[in-house]
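Shown next, in structure tokens, is the structure this report addresses.
Residues take their numbers from the sequence shown, with the count starting at 1.
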Amino acid sequence: MLPYPALHASHSGIWIADDAGTRRIGRGEAIAQVADTPTIVMNAAMVGQRLGYAELSGLDLLELFAFVHPARFAVPTPKGLTQILDLTLPTEESGIAAMLRRAATKLIATASAPWPEQEGAWTAAQSLFRLRWPWAPALGQVLPKPATAERWLFAKLPEWEEVPARSSPRTVTMPSDAVAERLARLTGATAEPRPGQRAYATAAADAFAPRAARDTPNLVLAEAGTGIGKTLGYLAPASLWSERADGAVWVSTFTKALQRQLAAETERLFPDPVERRTRIVTRKGRENYLCLLNLEDALQGGFQGRAAVLAHLVARWAAYSADGDMVGGDLPGWLPTLFRRNGSTALTDRRGECIYAGCPHYRKCFIERAARASAQADIVIANHALVMVNAARGRETGTRPTRYVFDEGHHLFDAADAMFSAALTGAESIEIRRWVLGPEGGGRGRRRGLAARLSDVASYDAAGGEAVAAAVEAARALPADGWLARVQEGAPFGPLETLLGAVRGAVFARAKDGEAGYGLETELAEPPPELVEAAGPAAQALDALLRPLVALGKRLEAVLTEAPDWMDGPARARVEGAIASLGWRAETVGAWSRLLARIGGPADPDFVDWLAVDRMEGREYDVGLHRHWLDPSRPFAETVLKPAHGVLVTSATLRAGGDWSVADARSGAPHLMRPPVHFEAVSPFSYATQAEVVIVTDVKRGDLPGLANAYGRLIVAAGGGTLGLFTAIRRLRGVHARIADRLARDGLPLFAQHVDPIDTGTLVDIFRDDPRASLMGTDALRDGVDVPGHSLRLVVMEGVPWPKPGVLHAARRLAGGGSAYDDRVVRARLAQAFGRLIRRADDRGMFVLLSAAMPSRLLGAFPEGTPIVRCTLDEAVARALSLQERLGHGESLPMEPIA
């Protein structure tokens, strides 16, 4: 047994275990213990929060696990750790501290003998010892020194290889019986017949028929109720078409959870893991992948302190990772949170500073490998944002797919809204400044400015060199570090900061302060004289930057055409990358210029413009102007739908609480010449016996203590297994603070977004793993959370999820039918939230809405036949208790609705 004591802290108490045994201690003694003595803890950030000691550090068991078993996931709870380490979970919470000591001892023992992830461990431990990582001394005593020097990470990563370009897909047709046969193969010979799934697969196959004319894709809108089996339903025709046409099908999702689920489902297509890695590829945006050049800089002194420790643990992971995906891949989502996300974002390419073939690790780059693998794959699992970015910015044009499947299609409108918008804010403009100028004021790191990245081109091409110099000079007019403080003090520097100061003044003068301490906004209408006056010099400054960026892009294209002697394959790839990056920045600056031209001029009916001050809990963090399309499905249709040959848009809530006209409008169908095909498959679940909706009528709106009491009583009655949904972070935190300790004393753990220092994906994993746990959150948990079985049996919403009354919503509400538009939004949100409850045929559960004023016209959001009850909180608690008792006996829920 290791000599270190271990400490376990939760809402129900604090315990410490050492050689003398286990005892319960108070908060003050616990803080003194961890401050003075190396102590084993599990998730130091969370323990520190429980103790009210944010600076807590110690021997974090999760860090040790990440070192010993990189790229291996464990639910970061005592139960999760005992399962993966094959230990016994204590029956009482007081035994967890002692279990932590046993877990640490077992991990250290694992490192003392050969194990699968041994390569690189000794070298990494030496580096971590120099960084004073608390676990390094214990590991150093047991890790065997290798007989020969271990290979450096960058030497052992495999290189990708260039392959010939793939031919265009062949034109093929697929008979319905062939699609049905493929579906039967995927579902298996022993599967029960599912007529709804077979009809869905047949309808989905229409998207893979030959296109009749240019810019007229075969668009299929298919709404498939939960339980239909739509994933295999569309994978059947997609895989069959890919096989016969020799083309890639891109399956796009909105959430990372569904991406992981899809990757698991494709095992039915290709059971052999080696074949599956080449035929099925997951793609994400560049900012999700580890940048090897950034990692090398971090390992060689670019990071200090805790951030440097994280860099070495990430290096351990990178050597064993399947794809280098740091967000939702095989890097445990909890690892960056252990370091308060200190440094993790700097290990990815979030600023678009990639130097492509100029990078010494280009041939081993995770991003480039994924891009090349996807060009040869049968099925590419992507996300809505990446599909739109590639289309809008002209990326990967040579491998652009002709067939798309958009799962979670009800999110297409929102994804397009984010993609095709423009924001001239302090935070956005300072990023452009950094991209052009590079580090200023002696800043460290490998980040380089435009001049350094294109030095060889500038030396070869005089006009290109002049454009680079002009862009560098013009970028100095953009906001610099400290801009927000100067704007707040009324002392802006330069034309853009002066503009932001005028925007801020106009917002505070005109905006209605909604939720105290949060964002403010106002229309860009009848702008004050100060804003009109500031817009002119700001527009000139942007034009001075835009012109050299455009000129430089043209010069680089000319250099490609001239093909000088020094331009080999890697140099060409680097210049092509620079052209794409320049085009993106030029497009952004051009959009800003068009937005400034609106100030004092006529409004464009296609756009909604407004001014905003972004705040969080009273703290300002950004100021600027915003522009969104009134109908973002229009640019989506132009850039994504029209060039495609076939598109399937599918979801369980595709009609968004309305009819097919709503689904058409939100998917871009009205902007195509050919109308879409509509298909609906009703859920096979028996909602009349599996679920009920309970509307609680005696919890007053705005009564936070009453709201907390309702949540607490319902969670206790259900024995946990509750998903609590909120529309405001402030109320979520208020409820959590009032009930977490009380629930913990009853053995009911409560976790929450925006409270617990854990990423959302890991919170869902913890919730799924413990049937007595409950989870509270906001929009991210209302959709895309798949927790089948007993772990989720009660969903509680704090009230009717009305849309936030902002400038953009007001404009779309006016264009979309007024209150009818609001009703569609609310029905869609209710349907999505209810959809979390029943995921399998044997699921049972209750959906509770804490709202006395729930309009009857919105009840159509719930599946037909679902019992709907209006009652008091006392009766709702009784029903939740009855639900828990009946679930214990495996009974269904025959319930009579109450008027």
Does any part of the side chain of [Y], heavy atoms only, come nearer than 4.5 Å to the side chain of [X], both counted from C-beta?
X: W435; Y: L450; answer: yes
X: E119; Y: Y320; answer: yes
X: R276; Y: E267; answer: yes
X: L258; Y: I381; answer: no
X: L2; Y: L59; answer: no
X: L310; Y: F303; answer: no
X: L775; Y: V764; answer: yes
X: F154; Y: L295; answer: yes

Over all atoms of both residues, closest heavy-atom pair of [X] and [Y]:
X: A17; Y: T22; result: CB-OG1, 3.5 Å
X: S774; Y: F767; result: CA-CE1, 3.9 Å
X: L299; Y: W152; result: CD1-CH2, 3.6 Å
X: L51; Y: A9; result: CD2-CB, 4.1 Å
X: G285; Y: L386; result: CA-CD1, 4.1 Å
X: A382; Y: V387; result: CB-CG2, 4.4 Å

[atom1] of [X] to [atom2] of [Y]: how many Å apart, nearest 0.5 Å?
X: E428; Y: D622; atom1: CD; atom2: CG; answer: 7.5 Å
X: M776; Y: L781; atom1: CE; atom2: CG; answer: 10.5 Å
X: L62; Y: L338; atom1: CG; atom2: CG; answer: 5.5 Å
X: D786; Y: T255; atom1: CG; atom2: OG1; answer: 9.5 Å
X: L64; Y: M42; atom1: CG; atom2: CE; answer: 11.5 Å
X: I16; Y: S94; atom1: CD1; atom2: OG; answer: 14.0 Å

[X] side chain vs [Y] backbone, donor-acceptor pair below 3.5 Å:
X: Y289; Y: K284; answer: yes
X: D330; Y: A322; answer: yes
X: T123; Y: G120; answer: no
X: S12; Y: S10; answer: no
X: R101; Y: P5; answer: no
X: T337; Y: I758; answer: no
X: R27; Y: I14; answer: no
X: R316; Y: F67; answer: yes
X: Q49; Y: V755; answer: yes
X: N294; Y: A346; answer: yes

(message) Could you go through L107 and H69, starting from their C-alpha distance and side-chain angles, then the distance that decides it, and tell me whether this counts as side-chain contact (heavy atoms from CB on, under 4.5 Å)?
(response) CA-CA 9 Å; L107 285 169; H69 297 301; 3.8 Å; yes
(request) Verify whether the ring centers belonging to F366 and W160 lie closer than 6.0 Å. (result) no
(message) Applying side-chain contact (heavy atoms from CB on, under 4.5 Å) to R283 and W250, what does each step give before you reach the verdict?
(response) CA-CA 9 Å; R283 283 288 307 275; W250 277 47; 4.0 Å; yes
Distance-only check: which donor-acceptor pairs under 3.5 Å involve side-chain atoms of residues 131-138, not counting sequence neighbours?
residue, atom, partner, partner atom, Å
W133, NE1, E63, OE1, 2.7
W135, NE1, D60, O, 2.8

(request) Evaluate the criterion side-chain contact (heavy atoms from CB on, under 4.5 Å) for residue pair D759 and V327; output intermediate values, then yes/no. (result) CA-CA 10 Å; D759 67 290; V327 186; over 6 Å; no
Side-chain donor-acceptor distances from residues 82-91 under 3.5 Å, at least two apart:
residue, atom, partner, partner atom, Å
T82, OG1, P78, O, 3.1
T82, OG1, K79, O, 2.8

(request) Let me see the working for L335 and W317 under side-chain contact (heavy atoms from CB on, under 4.5 Å), right down to the final yes or no. (result) CA-CA 11 Å; L335 183 58; W317 160 79; 5.7 Å; no
(message) Could you check whether Q259 and T253, counting side-chain N and O atoms only, form a donor-acceptor pair closer than 3.5 Å?
(response)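 The answer is no; no qualifying pair exists.
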(message) For residues 354-369, which residue pairs pass the salt bridge (Lys or Arg N to Asp or Glu O under 4.0 Å) check, not counting sequence neighbours?
(response)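 The answer is E368-R372.
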(request) Identify the residue among V281, V163, T278 that makes a side-chain contact (heavy atoms from CB on, under 4.5 Å) with Q376. (result) V163
(request) Evaluate salt bridge (charged side-chain N to carboxylate O under 4.0 Å, His left out) for R277 paired with D323, printing each intermediate quantity in order. (result) CA-CA 10 Å; R277 278 197 295 271; D323 56 9; over 6 Å; no
(message) Quick test of your reading of the model: are R50 and D756 salt-bridged, counting only N-O distances below 4.0 Å?
(response)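 A salt bridge links R50 with D756.
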(message) Restricting to salt bridge (charged side-chain N to carboxylate O under 4.0 Å, His left out), what partner residues turn up for D481, sequence neighbours left out?
(response)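 D481 satisfies salt bridge (charged side-chain N to carboxylate O under 4.0 Å, His left out) with R434 only.
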(message) Among residues at least two apart in sequence or on other chains, which ones pass ring pair (Phe, Tyr, Trp, His ring centres under 6.0 Å) with H754?
(response) none
(message) Considering only residues two or more places apart or on different chains, which pairs with a residue in residues 105-115 satisfy side-chain hydrogen bond (donor to acceptor under 3.5 Å, both in side chains)?
(response) W115-E117
